[in-house]
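This report concerns only the one structure given below.
For this chain, numbers begin at 1 and follow the sequence in order.
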Amino acid sequence: MGRKKLTPPPGEPRRYWERTAPGDAERATRAGQPPDLTGFEDFVARVDPLGSPWAVPVALVLLAVVCGGASFLAGGVAEPALLLAACGCAVAVPLVYAWNVRQRDAWLERCHRVFLAHGLVVESRSLCLHAPPGDARDRAWVLIDVRTPPEQAARLHAAFGAWLCAARADPPLWARVNRWLRQGTPLVPSERIFGPDAAGGYLAGGWPGGSRWMVVMPSDHRAPDPVRSGCLLPVRDCDGSLEPVPVLGPPE
């Protein structure tokens, strides 16, 4: 995820935290319990840290087709080389798939160990914020650690909503917020935004999709801090679907 942000967040978000006193925030209510991913089977069934084992084989198939087609158009000395590349890709498809399947369980077990040691389950709210990198339709997310007390979680939601509503109403400030989110790591702890007493949440930018429940975990077991080297993974429901994400802040 890169370096930490070096500049303070724009718009003086601390004042919105201070205006939302602990007793003023509406107590958060959750429809349903956060997912329990401590068991390996539940983690594998509901989180997909590796993607499909077919991803690379399918890419090789496409490359073989492209090389084979190009060989008929190229002619000359390029034709044998392109045909050889197409054959090599075709031969590699079953070998790569078999290797992926054989190694998958070991990879998943390592991912689960990293999650148990350093990962978090968070409840998400989508933000109407065009957050880089990627397409302008990418969303940003307010993420609340499920271990955060309900009153603190409600206060974080209120502070994030007030800060972003005020920024959205001020185009120059809104542009500064977007530029600030581009700097350094796209996963920002709430205490970095609102102050040391505002722990329990994160602002995340640059993920195009998600679900109500998500996992924050290091992408590299050698760098255990999920803020500096992490990834954000949606958690599926038991039926394999993704639960809709509530929207926080001003509408589009």
Side-chain angles (χ1 to χ4, degrees), residues 1 28-62 93-127 134 137-150 153 157 186-187 189 200-248:
M1 281 193 175
T29 57
R30 291 186 177 129
Q33 295 296 316
D36 182 1
L37 304 176
T38 54
F40 176 71
E41 292 78 9
D42 292 327
F43 179 81
V44 171
R46 303 188 64 178
V47 182
D48 186 16
L50 299 180
S52 170
W54 279 105
V56 174
V58 167
L60 288 172
V61 169
L62 294 176
V93 168
L95 300 177
V96 171
Y97 177 75
W99 189 84
N100 282 349
V101 171
R102 187 166 58 249
Q103 297 295 322
R104 187 175 179 81
D105 285 345
W107 288 339
L108 287 171
E109 288 175 359
R110 187 176 69 178
C111 287
H112 185 239
R113 289 195 300 270
V114 171
F115 164 73
L116 291 178
H118 308 292
L120 303 171
V121 177
V122 296
E123 187 175 16
S124 68
R125 295 289 186 275
S126 175
L127 293 178
R137 293 171 295 179
D138 284 0
R139 313 292 288 181
W141 309 86
V142 164
L143 310 170
I144 305 297
D145 190 332
V146 298
R147 301 169 298 181
T148 303
H157 283 145
L187 186 63
Y202 301 89
L203 177 63
W207 278 274
S211 63
R212 180 188 172 196
W213 308 107
M214 292 203 263
V215 162
V216 178
M217 61 179 286
S219 55
D220 187 343
H221 68 283
R222 296 167 297 182
D225 182 1
V227 174
R228 293 182 63 87
S229 63
C231 58
L232 188 61
L233 302 170
V235 178
R236 296 185 293 268
D237 286 343
C238 294
D239 62 359
S241 63
L242 296 176
E243 189 171 344
V245 182
V247 174
L248 181 72

Side-chain polar contacts of residues 39-47 - donor-acceptor pairs under 3.5 angstrom, sequence neighbours left out - could you list them?
{"unit_1": "Arg46", "atom_1": "NE", "unit_2": "Arg236", "atom_2": "O", "d": "2.6"}
{"unit_1": "Arg46", "atom_1": "NH2", "unit_2": "Arg236", "atom_2": "O", "d": "3.0"}

Evaluate the side-chain proximity of Val235 to Val121: yes if any heavy-atom separation is below 4.5 Å, no if none is.
no
Hey, could you give me the [atom1]/[atom2] distance between [X] and [Y], rounded to the nearest 0.5 Å?
X: Phe115; Y: Leu233; atom1: CZ; atom2: CG; answer: 10.0 Å
X: Arg212; Y: Arg125; atom1: CZ; atom2: CZ; answer: 6.5 Å
X: Met214; Y: Ile144; atom1: CE; atom2: CD1; answer: 11.5 Å
X: Leu232; Y: Leu120; atom1: CG; atom2: CG; answer: 10.5 Å

Considering all heavy atoms of both residues, which atom of Ser124 and which atom of Leu143 are nearest to each other, and what is their separation?
CB-CD2, 3.6 Å
Minimum heavy-atom distance between Leu37 and His112, given as atom pair plus value
O-NE2, 3.4 Å
N/O donor-acceptor pair under 3.5 Å between His118 side chain and Arg113 backbone:
no
